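What you are looking at is a predicted structure, and each value in this text was computed from that prediction instead of being measured. Numbering of residues begins at 1 and proceeds along the displayed sequence.
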Amino acid sequence: MRIEEDIKLDFKDVLIRPKRSTLTSRSEVDISREFVFRHSRRKYHGIPIIGANMDTVGTFEMAGALVPQGLAVALHKHYKESDLEAFFGQRSADATIFYSMGITAADYDKFRRVADAVGDAIEYVCVDVANGYTKSFVDFLGKLRAAYPRITLMAGNVVTGEMTEELILDGVDIVKVGIGPGSVCTTRKMTGVGYPQLSAIIECADAAHGLGGLICADGGCTSPGDLAKAFGGGADFIMLGGMLAGHDESAGEVVEHEGGRKVRFYGMSSRTAMDRYAGGVANYRASEGKEVLVDYRGPVEGTLQDILGGVRSACTYVGARRLKELSKRTTFIRVTQQLNEVFGRS
């Protein structure tokens, strides 16, 4: 046993220090990014925000709303093969839509059949596991990369620099970072394992960028300001779950609750998800997610405007004309309080 004594930080622990700027309007800020991925060598241009691969977020409908505005979606992995084939078969190849999968033999065989059916339409793949530190995960990534050298591969989750480096060297283009920060994730409660998300982003970004790789900050963002902090800390992409839940495009069940309309939202390791897709919680494990009711929020377009507007505004506060410059212009200051909540949170 050992103890690391240096303090690790979360979004709530810091604010971004403002700096002099020559920008006169938020409209001058370009929040798109351009990348050439380390392994696939494909070029990317877009707004690097990804709808999470949860069945109440990563839907065909969400892709239809986000992709035309330059954002991305990771589809959830529980769609039928025929539905995936029909969807990818009619998509233009320049759309940033991730096919999501686990690491079982059935997951691989399903992907192979869909990929064979749609040709080169699948350019982005997300391999998603709760624990990205296992040998079976690394071995699976090697197998997938060898068989499909042209796909842009995002995989995780991990929270430390050394594992980020290993995944990039094993063929991953984008390392997914985050263990336990999600709004409907209970991994930290159930296992005691995790890492404060902002420090995880900073450390993993440093490791990835040294090898020409990228990271995606997955989980923990509850407001546009958190996205600004994640980008400021070095995140190349950000994956959103709860912030995109509750919308028309999210496909969650709408229910009447205490006189208002609510939408069911749950983690993909929750009892709800395992009952739906795995026949229940296996007797050797515990649920590591929860189900909640979130406010029904209508079309996602209004939320996107808030998110993108907040990130643009953050850039103007530090003089970053492009999103790429934000991390170079970010100075975090430690704080004990974020907001004045005398009239409640909003």
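Residues M1 make up the rest of the hydrophobic cluster containing I3, defined by ILVMFWY side-chain heavy atoms closer than 4.5 Å, directly or through other members. Within the hydrophobic cluster formed by Ile, Leu, Val, Met, Phe, Trp and Tyr side chains joined at under 4.5 Å, directly or through other members, F343 is accompanied by V342.
Of the residues V292, T56, V294, the one that meets the side chain to side chain contact (heavy atoms under 4.5 Å, CB included) test with V184 is V292.
At a threshold of 4.5 Å between non-hydrogen side-chain atoms, the residues F98 and N53 do not count as touching. Side chains of L23 and R321 form a contact here, defined as non-hydrogen atoms less than 4.5 Å apart. Annotation: side chain of I49 is not in contact with side chain of F237 (no heavy-atom distance under 4.5 Å). You'll find the side chain of L71 stays beyond 4.5 Å of the side chain of I50, heavy atoms only. For the pair L75 and T59, the minimum side-chain heavy-atom distance is 4.5 Å or more.
No more than 12 heavy atoms of other residues, nucleotides or ligands lie within 6.0 Å of OH in Y317, so this atom counts as exposed by the packing criterion.
In this structure, the ring-ring contact (aromatic ring centres under 6.0 Å, His included) partners of F87, at least two apart in sequence or on a different chain, are F60. Judged as a ring-ring contact (aromatic ring centres under 6.0 Å, His included), and not counting sequence neighbours, the contacts of Y148 are F111.
Looking at D116 and R113, no side-chain N of the basic residue comes within less than 4.0 Å of a carboxylate O on the acidic one, giving no salt bridge. A salt bridge does not link E81 with K110: every distance from a Lys NZ or Arg NE/NH1/NH2 to an Asp or Glu carboxylate oxygen is 4.0 Å or more. With salt bridges taken as basic N to acidic carboxylate O contacts below 4.0 Å, none links K43 and E34. Residues R26 and E28 are not paired through a salt bridge, judged by the lack of any N-O separation under 4.0 Å between the basic side chain and the carboxylate. The pair R322-E325 meets the salt-bridge criterion, since a charged nitrogen lies less than 4.0 angstrom from a carboxylate oxygen.
The aromatic rings of H76 and Y79 sit parallel, their planes meeting at an angle under 30°, below the 60° perpendicular limit.
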Kindly list each side-chain donor-acceptor pair under 3.5 angstrom involving residues 215-232, sequence neighbours excluded, with atom names and distances?
residue	atom	partner	partner atom	Å
D218	OD2	N157	ND2	3.0
D218	OD2	K176	NZ	3.0
T222	OG1	D226	OD2	2.9
D226	OD2	T222	N	2.9
K229	NZ	F11	O	2.9
K229	NZ	V14	O	2.9
K229	NZ	Q338	OE1	3.0

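A salt bridge (Lys or Arg N to Asp or Glu O under 4.0 Å) check over residues 142-161, counting only residues at least two apart or in different chains, returns the pairs R145-D173.
Note that NZ of K19 is 14.0 Å distant from OG1 of T316, once rounded to the nearest 0.5 Å.
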Discussion item. Checking E203 against K8 for the salt bridge (charged side-chain N to carboxylate O under 4.0 Å, His left out) test, could you report, in this order, the C-alpha distance in whole Å, the side-chain angles of both residues, the deciding distance, and whether it holds?
Written reply: CA-CA 10 Å; E203 295 173 27; K8 305 299 181 182; 2.9 Å; yes

